[in-house]
Number of protein chains: 2
Amino acid sequence: MVTLADVARHAGVSASTVSYVLSGKRTISEETRRRVEQAVADLGYHPNARARALAARRSHIIALVVPLRSDVYVPIMMQIAISVTIAARQHGYDVLLITNDEGPEGVRRVALSGLADGVILMDVELDDKRIPVLRELGTQAALIGLPDDRQGLSAVDHDFAAAGAMCADHLADLGHREVAFIGYGPGVYQRHAGYAERTLAGFQRRAEERGLRFVHRPCEGNYESTAGTLARILSDRPGTTGFVVQNEGAIGPLLSLLRLSGRTVPEDASVIALCPETLAEQYAPSLTAVTGPAQELGRVAVEHVMKRITAAGRGQRPDDELVLLSPVLTVRESTGPAPKRDPET
Amino acid sequence: MVTLADVARHAGVSASTVSYVLSGKRTISEETRRRVEQAVADLGYHPNARARALAARRSHIIALVVPLRSDVYVPIMMQIAISVTIAARQHGYDVLLITNDEGPEGVRRVALSGLADGVILMDVELDDKRIPVLRELGTQAALIGLPDDRQGLSAVDHDFAAAGAMCADHLADLGHREVAFIGYGPGVYQRHAGYAERTLAGFQRRAEERGLRFVHRPCEGNYESTAGTLARILSDRPGTTGFVVQNEGAIGPLLSLLRLSGRTVPEDASVIALCPETLAEQYAPSLTAVTGPAQELGRVAVEHVMKRITAAGRGQRPDDELVLLSPVLTVRESTGPAPKRDPET
DNA sequence: TTGTAGGCGTTATCAT
DNA sequence: ATGATAACGCCTACAA
């Protein structure tokens, strides 16, 4: 293995000079810089990350904690993990994969051992058990998702309220007056990250502003549950012409069931989904959908940790940041103008 | 930060003693062991991974190189990544995520910098550009997938030939005499990892042994291509009653098209797929399928690198291993006894 | 602009 | 059974 000392000897300078040439933390004469660079090339020198990490007190590694099973659609998780990795590389960082089966202890482990300089948490829950650990250890961290208390942390998430509002607007713009919001089962509303609530709240508020009549119906995301939910909606509010689906599992069943009930999409009923593009395009008809930019999530989270690590390295207290990313509405085949009203209504 | 020296002082022993107590590489008197353990607990000592890596010349990190976009179904990739991480932890190792956009240079980087002790390559191609780098650097590595030349490497993959054979057997057992194999488009056969060929070869061989009449038809995996493929099969071989689908993209279209052609599955035609369980269960009717154990892939790859790292650490030349994992046939709703032959045949 | 020297926190070799 | 002590390879005040 070629070391700094070898390079120094070969170039006829001291080891520290080589170090400074490489780090650029000192002004170096053109002459020595050239000599050093030549020596590096001649010997095929590559800095040793272990020694560097020890001496510089920085591993240039961030830990990414991924859920084992989550409410997040798996391809999206992967997309986020990859965008985190690519973004980190652009800052000279590598990414250590931590699975959540280690629980909060996994976070403690990487932070305490000095393996990682910072941590990114995916799939953060409202009352996430990993967060107290971060606080206790003063670990620099960025969250993907919004917890109850984000004091001392930076966080990024989709702007779910805006997404909900966009759904209401789109249906209202198309002239729909009675709409239904098909949400998640009660479990999700209680347990999880509040994204279900935030979406619903955004939808409700905008729906009221736009004068829509609407109902919200929870749904477990399987065929039976969707059938029950739809039946109830259609009997309670037979005039319903617009459907917002938040639960990916309910999309397929809903489309089938609407067809069975004799309704054509989008002529008789419009369906707008809150889901990733790839999913929206899989169905026939393809779905008008509101989608959050998954890659951005990873990119911003990396910016967040990086800022914090840098600040902390300078002895400063990092700012707590919060970024909500705007979703995008893509109109496809599943929404259209509201049908003419029946005489009865 | 609490260091080894702090613990040593607190316990009234030397630093090296503490180190040995922790590593267990020396016999220690009960008395001192107790004192040291007490000191560790009192001070809340945690070994520093960076210093340990430098001194021990072992980072306890393996790099996992994941494809950005691949022929592998994304959830399966994720499953493999996670099983790698979990298996690595059981060996005291952590996993560094490397995306393949760095190309072969990514492998060079982690190996040369000493960041990782070993490397696992996913989605290995027949003529993989990363492999020469591994050889050149003498990096300990395990491959998921089978390259042309695996000299100096360990590899694990599904036994695709066996999977193909299982399909032939299953259809033969059900009494089918004329079957069709719907494969990938020509591109995959040329470019990729040989799994397409291996599956087909296994199928062909067993089909011949079992006296099946069969055709192999490439297919691009979209609706149009599948339609063309099916039409050709049905006109060339109207007596075909069994279909083997290797291309996931063709599954949905095939089912729809069979229905359109007036054939009921499995009464008139049997369909058996080569795909993950989650996919097989998504369709109606659910698909009889041959599936490889994805988690095992990760687990075995980890065993492979671990063995190699250990051997190399002892100055031994590691054995090159090859493991082919047996797939599993799960009978679901899409296959059944061959229909009675038409009088004409 | 460059060099010297003391760490960084562990491991592991040699003594005792 | 335990202790000194020299690496491990690099960084960075402090000097010159």
Side-chain angles (χ1 to χ4, degrees), chain A residues 1-37 39-40 43-61 92 110-117 313-315, chain B residues 1-37 39-40 43-61 92 110-117 313-315:
Chain A
M1 160 180 269
V2 185
T3 72
L4 239 181
D6 297 330
V7 175
R9 211 170 304 126
H10 190 91
V13 298
S14 77
S16 69
T17 299
V18 177
S19 174
Y20 282 119
V21 168
L22 265 43
S23 70
K25 290 188 179 177
R26 236 189 204 179
T27 47
I28 300 283
S29 74
E30 202 40 56
E31 161 66 4
T32 36
R33 145 164 298 115
R34 238 193 16 69
R35 293 240 305 287
V36 169
E37 278 163 356
V40 165
L43 303 182
Y45 168 75
H46 288 268
N48 183 304
R50 301 166 189 182
R52 196 212 281 282
L54 178 57
R57 301 174 157 84
R58 192 154 296 182
S59 65
H60 288 269
I61 289 176
V110 284
L112 241 24
S113 67
L115 246 184
D117 297 336
R314 294 194 183 124
Chain B
M1 160 180 267
V2 184
T3 73
L4 241 184
D6 297 331
V7 176
R9 211 170 304 126
H10 191 90
V13 298
S14 79
S16 66
T17 299
V18 177
S19 174
Y20 282 118
V21 169
L22 265 42
S23 71
K25 291 186 179 176
R26 237 188 201 178
T27 45
I28 299 285
S29 74
E30 202 41 57
E31 162 66 2
T32 38
R33 147 165 295 115
R34 238 196 14 70
R35 293 241 303 286
V36 168
E37 279 164 356
V40 166
L43 303 182
Y45 168 74
H46 289 267
N48 182 305
R50 301 167 190 182
R52 198 210 280 281
L54 177 57
R57 301 175 156 88
R58 192 152 295 182
S59 65
H60 286 267
I61 289 177
V110 284
L112 241 25
S113 67
L115 246 183
D117 298 335
R314 293 192 185 125

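Lettering follows sequence order; numbering is per chain, from 1.
Counting only heavy atoms from C-beta on, A/S16 has its side chain closest to D/dT12 among C/dA15, D/dG9, D/dT12. Minimum atom distance to the side chain of A/N48 is reached by D/dC10, of the listed D/dC11, D/dG3, D/dC10. Considering only the side chain of B/T32, D/dT2 comes nearest among C/dT11, C/dA12, D/dT2. Distance from the side chain of A/S19 is smallest to D/dC11 among D/dC11, D/dA4, C/dT2. Counting only heavy atoms from C-beta on, A/R57 has its side chain closest to C/dC8 among C/dG3, D/dT2, C/dC8. If you check C/dT1, D/dA13, C/dT11 against the side chain of A/Y20, the one that comes closest is D/dA13. Here the nucleotide nearest the side chain of A/L54, chosen from C/dT2, C/dA15, C/dC8, is C/dC8. Distances from the side chain of A/V13 to the nucleotides C/dG3, D/dC11, C/dT11 place C/dG3 closest. Minimum atom distance to the side chain of B/A55 is reached by C/dG9, of the listed D/dT12, D/dC10, C/dG9. Listed nucleotides: C/dT2, C/dG9, D/dG9. Nearest to the side chain of B/A51: C/dG9.
Between A/L112 atom CG and C/dG9 atom C1' there is a gap of 15 Å when expressed in whole angstrom units. Atom CG of A/L4 is separated from atom C1' of C/dT4 by 15 Å (rounded to the nearest Å). In this structure, B/H60 places its NE2 atom 14 Å from P of C/dT10, rounding to the nearest Å. Rounded to whole angstrom, the span from the CZ atom of A/R50 across to the C1' atom of C/dG9 amounts to 15 Å. Rounding to whole angstrom units, CZ of residue A/R34 and C1' of C/dT1 are separated by 17 Å. Put simply, NE2 on A/H46 is 12 Å from P on D/dC10, counting in whole angstrom units. C/dT10 atom P lies 9 Å from atom CG of B/L22, rounded to whole Å. The distance between atom CZ of A/R52 and atom C1' of D/dT12, rounded to the nearest whole Å, is 14 Å.
At a cut-off of 3.5 angstrom, counting only N and O atoms as typed in the model, there is no donor on one side facing an acceptor on the other between the side-chain of A/R26 and the base of C/dT1.
A/R9 has its side chain within reach of A/D6: a pair of non-hydrogen atoms, C-beta onward, lies under 4.5 Å apart. Between B/I61 and B/V110, the closest side-chain pair of non-hydrogen atoms is not below 4.5 Å. Two residues are said to be in side-chain contact when any heavy atoms from C-beta on lie closer than 4.5 Å; B/I28 and B/Y20 meet this criterion.
Residue A/K25 places at least one side-chain N or O closer than 4.0 Å to OP1 or OP2 of D/dT12. OP1 or OP2 of D/dG3 sits under 4.0 Å from a side-chain N or O of B/S14. When the side-chain nitrogen and oxygen atoms of A/T27 are compared with OP1 and OP2 of C/dT1, one or more of them lie within a distance under 4.0 Å.
For the atom pair A/R34 CZ and A/E30 CD, the distance stands at 8.0 Å (nearest 0.5 Å). Interatomic distance, CG of B/L4 versus OG1 of B/T17, reported as 10.0 Å (0.5 Å rounding).
Heavy atoms of B/S23 sit nowhere under 4.0 angstrom from any nucleic acid atom.
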- Task: Show your reasoning for whether salt bridge (Lys or Arg N to Asp or Glu O under 4.0 Å) applies to B/R35 and B/E31.
- Result: CA-CA 6 Å; B/R35 293 241 303 286; B/E31 162 66 2; 3.2 Å; yes
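Between A/A15 and B/E30, the residue anchored nearer the 5' end of DNA chain D, judged by the nucleotide with its closest heavy atom, is B/E30.
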